[in-house]
Amino acid sequence: MSHPLFTATILTLFGAFPATAQNLTDTDLGIIGADLRLGFSNHAIEGGSVSNTVDVAITKHHGLQFDLQYEERSNGGIGRFGTVLYMAPREGQKYGLSLMVADKNNKSSTYGQIGAVGVFALSDDVNAEVRAGIGLSTDNDLDWVTAGAGLHWQATENTRFSGHYDITEFDEKNFSAMAHEVTFGVNMRISNTPAALFAEVSHDWLSGSNAANGDTTLRAGISFALGRSGNDQPSFRVSDPMRQLLRRGLY
């Protein structure tokens with residue numbers, strides 16, 4: 001995959017999506033919202049990132065969430081595409097099937113994951129999220145099973161907190177480990193504008209035969225949101241268990 005071409009394509013798409021959402025929200029095309037994020041990391045290997053989430057209403061009770069992301073790294077940037085086909089049968093519930101495909105530049109590493117996700121309201125201000133999936137790296141036959149859960153708390157009209165935990169089992173002849181990741185985040189909208197500041201801190205580690213010490217990463221940036229997310233609940237989180245392994249240079 002061409003690094004400059006891929007980056008330029010992603011940036012172009014991300015620039016167009018929010019404008020498209022603003023022009024087409026609640027039209028026959030079904031785009032109800034978009035959220036563009038620009039961020040950076042304090043990690044020595046990670047650099048800047050750009051991502052966009054777009055929500056499309058298919059019917060009153062069915063929707064599609066699309067996620068595009070490009071993350072710059074010193075050992076090869078990663079581009080990801082994720083989507084969730086979901087149902088929202090009633091207020092406070094949405095669940096569906098997820099798909100994620102990713103590719104790493106400067107190294108042959110293409111992988112994907114399918115799974116199931118759900119978001120359920122616990123109260124007017126708190127939503128719980130659960131997810132599970134199976135994945136495969138096409139270049140080295142590494143496969144995995146993963147599961148995770150999270151909480152979203154709308155503390156005030158402009159401030160939202162979140163916390164997530166994901167665990168993944170890799171069990172192959174040449175690599176056996178349990179990957180763990182804990183993430184806490186905050187999103188603060190700037191007054192009544194579409195802009196918001198966000199920050200998150202994550203801690204990940206590997207246990208088992210191929211254990212690795214914990215690593216903490218701080219990420220922060222600015223986001224621009226237009227419209228709304230499906231069922232007026234937080235967007236689904238698309239997990240990427242290979243992210244830790246690639247950053248550590250294990251694959």
> Taking it one step at a time, do I114 and I134 satisfy side chain to side chain contact (heavy atoms under 4.5 Å, CB included)?
Replying inline: CA-CA 6 Å; I114 60 173; I134 57 174; 3.8 Å; yes

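- Side chain of T193 to main chain of I190: a donor-acceptor pair is present (N/O by atom type, distance under 3.5 Å, no hydrogens or angles).
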> Are L142 and F170 close enough, and set up right, to give a side chain to side chain contact (heavy atoms under 4.5 Å, CB included), and what steps lead you there?
Replying inline: CA-CA 7 Å; L142 179 70; F170 298 94; 3.9 Å; yes

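- Contact of the D143 side chain with the E172 side chain is registered, since non-hydrogen atoms from C-beta on lie closer than 4.5 Å.
- In this pair, W144 and Y111 present their aromatic rings perpendicular. The plane angle is above 60°, beyond the 30 to 60° band.
- Using a 4.5 Å heavy-atom cutoff, the side chains of V54 and I32 are not in contact.
- H61 places no side-chain N or O within donor-acceptor distance of the main-chain N or O of M87, the cut-off being under 3.5 Å.
- The shortest distance between side-chain heavy atoms of R160 and V186 does not fall below 4.5 Å.
- Hydrophobic clustering (side-chain heavy atoms under 4.5 Å, transitive across Ile, Leu, Val, Met, Phe, Trp, Tyr) groups V50 together with F224.
- Side-chain polar atoms of H203 and E181 form no donor-acceptor pair below 3.5 angstrom.
- Judged purely by distance below 3.5 Å, without hydrogens or angles, the side chains of N231 and Q233 pair a donor atom with an acceptor atom.
- With hydrogens and angles left out, the side-chain atoms of R90 and Q93 include a donor and acceptor closer than 3.5 Å.
- A single hydrophobic cluster is seen to contain both I78 and L250, as judged by linkage of ILVMFWY side chains at heavy-atom distances under 4.5 Å, directly or through other members.
- In this structure the side chain of I222 never reaches within 4.5 angstrom of the side chain of F198, judged on heavy atoms.
- Enclosure of atom CZ in F120 by more than 12 non-hydrogen atoms of other residues, nucleotides or ligands within 6.0 angstrom is indicated.
- Inspection of the S41 and E46 side chains reveals an N or O donor paired with an N or O acceptor under 3.5 Å.
- Under the 4.5 Å side-chain heavy-atom criterion for grouping Ile, Leu, Val, Met, Phe, Trp and Tyr, L245 is not connected to W205 through any hydrophobic cluster.
- To the nearest 0.5 Å, atoms OG (S223) and CG (N52) are separated by 10.5 Å.
- Under the 4.5 Å side-chain heavy-atom criterion for grouping Ile, Leu, Val, Met, Phe, Trp and Tyr, F81 is connected to L64 within one hydrophobic cluster.
- With respect to the salt-bridge test (charged N to carboxylate O, under 4.0 angstrom), the residues R248 and D204 qualify.
- In this structure, the side chains of S202 and R219 come closer than 4.5 Å at one or more pairs of heavy atoms.
- For the pair T217/V201, no side-chain contact is recorded, criterion being any heavy-atom separation below 4.5 Å from C-beta on.
- In this structure, CG in D35 is found 9.0 Å from OG in S229, a value given to the nearest 0.5 Å.
- One side chain, H43 or D215, offers a donor N or O that lies under 3.5 Å from an acceptor on the other.
- A salt bridge is absent between D103 and R80; no separation between the charged side-chain nitrogens and carboxylate oxygens falls under 4.0 Å.
- Around CE of M188, the count of heavy atoms belonging to other residues, nucleotides or ligands within 6.0 Å does not exceed 12.
- Here F40 sits alone; no ILVMFWY side chain lies under 4.5 Å from its own, so it joins no hydrophobic cluster.
- Taking the centre of each ring, Y95 and Y86 stay at or above the 6.0 Å mark.
- Both F161 and L122 are part of a single hydrophobic cluster, where members link through side-chain heavy atoms under 4.5 Å apart.
- Taking 4.0 Å as the cut-off between side-chain N and carboxylate O, D55 and R228 do not count as a salt-bridged pair.
- F236 is not listed as a side-chain neighbour of V238, based on a closest heavy-atom distance of 4.5 Å or more.
- Looking only at side-chain heavy atoms (C-beta outward), L97 and V84 stay at 4.5 Å or farther from each other.
- K94 places a side-chain N or O within 3.5 Å of a backbone atom of P234 that can act as its donor or acceptor partner.
- When only modelled atom types and interatomic distance are considered, Q65 and D67 share a side-chain donor-acceptor pair under 3.5 Å.
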> What's the verdict on side chain to side chain contact (heavy atoms under 4.5 Å, CB included) for H180 and M178, showing C-alpha distance, side-chain angles and the deciding distance?
Replying inline: CA-CA 7 Å; H180 309 261; M178 297 287 288; 3.7 Å; yes

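- For S209, the side-chain contact (heavy atoms from CB on, under 4.5 Å) partners two or more places apart in sequence, or in a different chain, are S176.
- Residues R131 and H164 bring a donor and an acceptor atom of their side chains to less than 3.5 Å of each other.
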>> Run the side chain to side chain contact (heavy atoms under 4.5 Å, CB included) test on Q113 and T146 for me, step by step, so that the C-alpha distance in whole Å, both residues' side-chain angles and the decisive distance to 0.1 Å come before the verdict.
In response: CA-CA 9 Å; Q113 178 174 288; T146 183; 3.6 Å; yes

